[in-house]
Amino acid sequence: MLKKLNRKNADITTSRPVKVLQFGEGNFLRAFVDWIIETLNEKTDFNGDVQVVQPINKGMGQMINDQDGLYHVVLNGIKNGKASTETKLITCVQGVINPYDDYQKYLATGENPALQFIISNTTEAGIAFDEKDSTPTSLPDSFPGKVTALLHHRFNHFKGASDKGLIVIPCELIDKNGEKLQQTILQYIDHWKLSSDFKNWIVKSNTFCNTLVDRIVPGFPKETIDEIKNEIGFDDNLVVMAEPFHLWVIEAPDAVKGKFPTEKAGLDVKFVKDQTPYRTRKVRILNGAHTSLVPVAYLYGIRMVRESIDDPKMGAFIKETINDEIIPTLDLPLDELNQFAHDVIERFQNPFVKHELASIALNSISKFKVRVLPSLLEYHKRKNTLPTRLVYSLACLIQFYKGTWENETLPVNDNADIMEFFKEAWQSDDETAIATKVLSNVSFWDQDLTKVPGLTESISKHLKQLKAEGVRLF
């Protein structure tokens, strides 16, 4: 009979001050942020715990409280070319407060003098202003509204003390997330007609960091949970699985790095003055490789990301795409780019993550515009020639959007206007006409790609070859 996981049964007696207020109790924060803080406590003098705030009314708070905040993170993946599994018990989460149950208890967390950080992940739509949140005296529904109310309570409690400002580190997957959160809080201050002193305190005494986070977190390992429970010896219903790779890029002043000593713990957390190059690196190499891979590999007959890398020809195609056509368009140090590319390939090969090409194919036109097209155009700009594989991927994407291939229906999934456009475009039997129609659609690409020298001819040639011979890798 497995023991229930709680602090008594696990013999956890440590008590640390709460330094982090965390908005969100989902898999990503628990397997990324809380795992990092647990590592900090193990390897440095950080000595801080996490108080979680449930950002919506219904969530996992009660489940987490039932286990006294304890749970295990299982890291499964490839490290240095070999399958790797590591399990860590997370002890730094003190519990979850649901502000929908007790708003005053939530506000009181702002009275903690040891509090230093606010960390969040409330989905990309979470950082938004809602004018229906009309007053801080009752619980705001939006995440920024809740933060504004809490910071206002803290400001009043500590009488505006400048040293009681907080470091705010949002993890939502939007560009300039820290700046956007601060701007939204300032909107609420105006909306609620709060004092100019409070507004000045927000701007001058609090630090809002732009960030980039990267770790694949599949979540609860349903298929292997019984085996995991037997190994750890506890009935843990909050196990969360993640890959070993982790990256956190934080755009912040030097003082933040001193308070969050991740470097001493050997963690891949980078404090930078500008996170833009790292965001570009991730979008172009990781996301760009995914998006480039999908139409080529799917038409080639492969259905999973890992199978694509393991296939000799397809694996060579994507590696050469990254190394020869994407990396040359980026400006970070070459050794950093090469290491990141190596890590990306290992992540694609992770045997514990079943990543279907069909799931990545969703909204591929907009993804190609953001993730791949900038590399294609920058390569042309720098080399005065077209990148062979990226252009071939674009041709395969156009072929993919026909919707059928070798008597099979393809998993094309995009908005209705785009689907209708391709249905009409593929009424033609003239590959040059199809290429011209797609490339000249400014609503797809924010520009007319027929003006890129040689691109229309190359796409047309590839479409003809695909029709005659199928996928032919280089």
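We're numbering straight along the sequence, starting at 1.
The existence of a salt bridge linking Arg284 and Glu325 is excluded, since no basic side-chain nitrogen approaches an acidic carboxylate oxygen closer than 4.0 Å. One finds a salt bridge joining Asp235 and Lys229 here, because a Lys/Arg side-chain nitrogen approaches an Asp/Glu carboxylate oxygen to under 4.0 Å. Between Arg389 and Glu320 there is a salt bridge, with a side-chain nitrogen of the basic residue lying less than 4.0 Å from a carboxylate oxygen of the acidic one. Ionic pairing of Arg347 and Glu243 is present here: one or more N-O contacts between side-chain nitrogen and carboxylate oxygen are shorter than 4.0 angstrom. The pair Asp254-Lys273 meets the salt-bridge criterion, with a side-chain N (NZ, NE, NH1 or NH2) lying under 4.0 Å from an Asp/Glu carboxylate O. Using a cutoff of 4.0 Å between basic side-chain nitrogens and carboxylate oxygens, Arg30 and Glu25 are not scored as salt-bridged. In this structure, Arg303 does not pair ionically with Glu307, as no charged nitrogen and carboxylate oxygen lie closer than 4.0 Å. For the pair Arg16 and Asp49, the salt-bridge criterion is met [side-chain N within less than 4.0 Å of a carboxylate O]. A salt bridge does not link Lys319 to Asp324: none of the charged nitrogens lies less than 4.0 Å from a carboxylate oxygen. With respect to Arg279 and Asp175, a salt bridge is recorded, a charged nitrogen being found less than 4.0 Å from a carboxylate O.
Using a 30° and 60° split on the angle between ring planes, Phe260 and Phe117 fall in the tilted class, from 30° to 60°.
Side-chain contact, Asn177 with Thr211: a donor N or O sits under 3.5 Å from an acceptor N or O. Tyr103 and Asn98 share no side-chain donor-acceptor pair at under 3.5 Å. In this structure, a donor-acceptor pair under 3.5 Å is absent between the side chains of His246 and Asp268. Residues Asp66 and Gln62 have side chains that bring a donor and an acceptor to within less than 3.5 angstrom of each other.
Side-chain contact between Arg281 and Leu247: present, with at least one pair of heavy atoms (C-beta onward) separated by less than 4.5 Å.
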Verdict with reasoning, Phe348 to His355, per ring-ring contact (aromatic ring centres under 6.0 Å, His included):
CA-CA 8 Å; Phe348 286 0; His355 207 167; 8.0 Å; no
Evaluate the ring-ring contact (aromatic ring centres under 6.0 Å, His included) criterion for residues Trp192 and His152: first the C-alpha distance (whole Å), next the side-chain angles of each, then the deciding distance (0.1 Å), finally the verdict.
CA-CA 11 Å; Trp192 293 339; His152 188 242; 8.1 Å; no
